[in-house]
*Asks:* 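The following block contains the structure, expressed as structure tokens.
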Number of protein chains: 2
Amino acid sequence: MPKRGMLIVLSGPSGVGKGTVRKAMFDQGGTDFQYSISMTTRQPREGEVNGKDYFFVSKETFEHNIETGEMLEYAQYVDNYYGTPMQYVKDTLASGKDVFLEIEVNGAMQVREKMPDGVFIFLTPPDLMALKQRLVGRGTETMTVINERIHQAVTEIKMMRNYDYAVVNDKVDLAVDRIREIIRAERLRVPRVYPDYAQMLESKQVTETENGKDA
Amino acid sequence: MPKRGMLIVLSGPSGVGKGTVRKAMFDQGGTDFQYSISMTTRQPREGEVNGKDYFFVSKETFEHNIETGEMLEYAQYVDNYYGTPMQYVKDTLASGKDVFLEIEVNGAMQVREKMPDGVFIFLTPPDLMALKQRLVGRGTETMTVINERIHQAVTEIKMMRNYDYAVVNDKVDLAVDRIREIIRAERLRVPRVYPDYAQMLESKQVTETENGKDA
């Protein structure tokens with residue numbers, strides 16, 4: 001039985017650039033993990049390919065999937081559903097390959113509940129850390145704008161607490177590098193590698209006993 | 001107040017090459033963390049410099065340090081003490097710099113008790129994973145040798161469970177790369193970065209209230 005794959009979830013506030021970072025990473029190549037294609041009920045746009053950009057399905061099919069528990073996570077935006085089919089993720093992990101999801105924060109929390117041993121990465125806007133300096137700075141912004149930005153920052157910071165890692169999206173390539181490093185480091189975590197060693201140990205003990213009996 | 005530094009502990013079974021890996025890493029340069037120099041009661045060898053290779057102290061001084069709780073960890077080998085002075089580690093962490101320790105497994109467990117939020121990396125011999133194949137292989141080794149190797153492997157594998165990461169020392173440069181990646185990834189972990197964001201948030205809320213009062 002191959003070692004179980006690792007689930008990697010990239011998420012973050014709306015507009016932070018999750019899709020851009022994910023696309024840059026897979027365009028670069030050298031990604032030894034599988035991207036899980038989302039399912040949606042919206043119409044394909046010009047140039048979008050079914051099974052590559054999305055799995056385009058009917059509303060009836062999507063709702064059937066929800067009812068039968070076949071969605072790992074999903075959400076409704078305006079009149080359309082978006083989500084991650086469960087089966088592909090499960091099969092890929094079972095085959096020993098790592099799976100990469102790029103999803104909204106609400107979906108990420110649904111995944112965390114179902115697969116708590118995943119690696120959850122929160123992409124943060126670069127201005128979150130620079131916000132204070134800017135606000136405190138020359139005081140050129142109105143109180144309404146300042147309060148709005150503060151409220152948004154508070155919401156975003158609080159989201160972060162549900163994740164394992166926070167990656168600043170200051171430059172797309174740097175964000176990609178950090179995500180790759182997190183993935184490589186996570187593969188070395190003892191709870192992930194220990195089963196391999198334990199399994200080896202077990203089979204050796206079997207060998208030992210058999211040899212012992214024969215001796 | 002600067003952000004608190006991170007404690008990194010490299011350990012592993014005797015003879016695995018901890019010292020070689022640590023030395024290669026610091027010789028390469030680009031290490032943005034401080035190596036904590038050990039203290040010992042043994043005599044300096046030819047070429048060893050006090051305060052660089054070790055802090056060379058008398059047995060009385062070392063035992064006084066133990067009694068007054070000034071050793072983060074220590075052990076006795078043959079007739080000599082070896083250990084890590086607490087003060088340097090504490091001061092460096094408080095100044096916001098990361099500290100790197102390369103110590104024996106026994107010492108690592110003493111550190112884990114005192115500083116559980118450190119990053120504990122276990123260096124494994126490359127043959128631990130290859131052991132099974134070799135043993136099961138052509139059966140040229142005697143049962144005594146096999147059993148001895150199995151016993152050693154079992155002991156080493158069990159040690160691993162007390163660590164966060166397992167790094168195979170197949171090639172020194174690869175082991176160094178993996179350790180660097182672990183350190184970079186650990187710096188992005190939410191429990192480590194969250195205080196920064198929370199602090200920023202807090203100061204902004206102060207700003208908000210003050211501005212609100214002024215308005």
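Residue numbers start from 1 in every chain, and the chains themselves are labelled A, B, ... in the order their sequence lines are given, proteins ahead of strands. Quantities reported herein were computed from a predicted structural model and do not represent experimental measurements.
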*Asks:* Just grab all the salt bridge (charged side-chain N to carboxylate O under 4.0 Å, His left out) pairs involving residues 112-123 of chain A, residues at least two apart or on different chains.
*Replies:* A:Arg112-A:Asp164
*Asks:* About how many Å separate OH of B:Tyr194 and CE of A:Met160, when rounded to the nearest 0.5 Å?
*Replies:*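 The OH atom of B:Tyr194 is 7.5 Å from CE of A:Met160, to the nearest 0.5 Å.
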*Asks:* More than 12 heavy atoms of other residues, nucleotides or ligands under 6.0 Å from CZ of A:Phe62: is that the case?
*Replies:* yes
*Asks:* Using non-hydrogen atoms and a limit below 4.5 Å, what part of residues 172-191 of chain A faces chain B?
*Replies:* A:Arg178, A:Glu181, A:Ile182, A:Arg184, A:Ala185, A:Glu186, A:Leu188, A:Arg189, A:Val190, A:Pro191
*Asks:* For B:Tyr163, look at atom OH and say whether over 12 heavy atoms of other residues, nucleotides or ligands are found less than 6.0 Å away.
*Replies:*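 Yes, the 6.0 Å shell around OH holds more than 12 heavy atoms from other groups.
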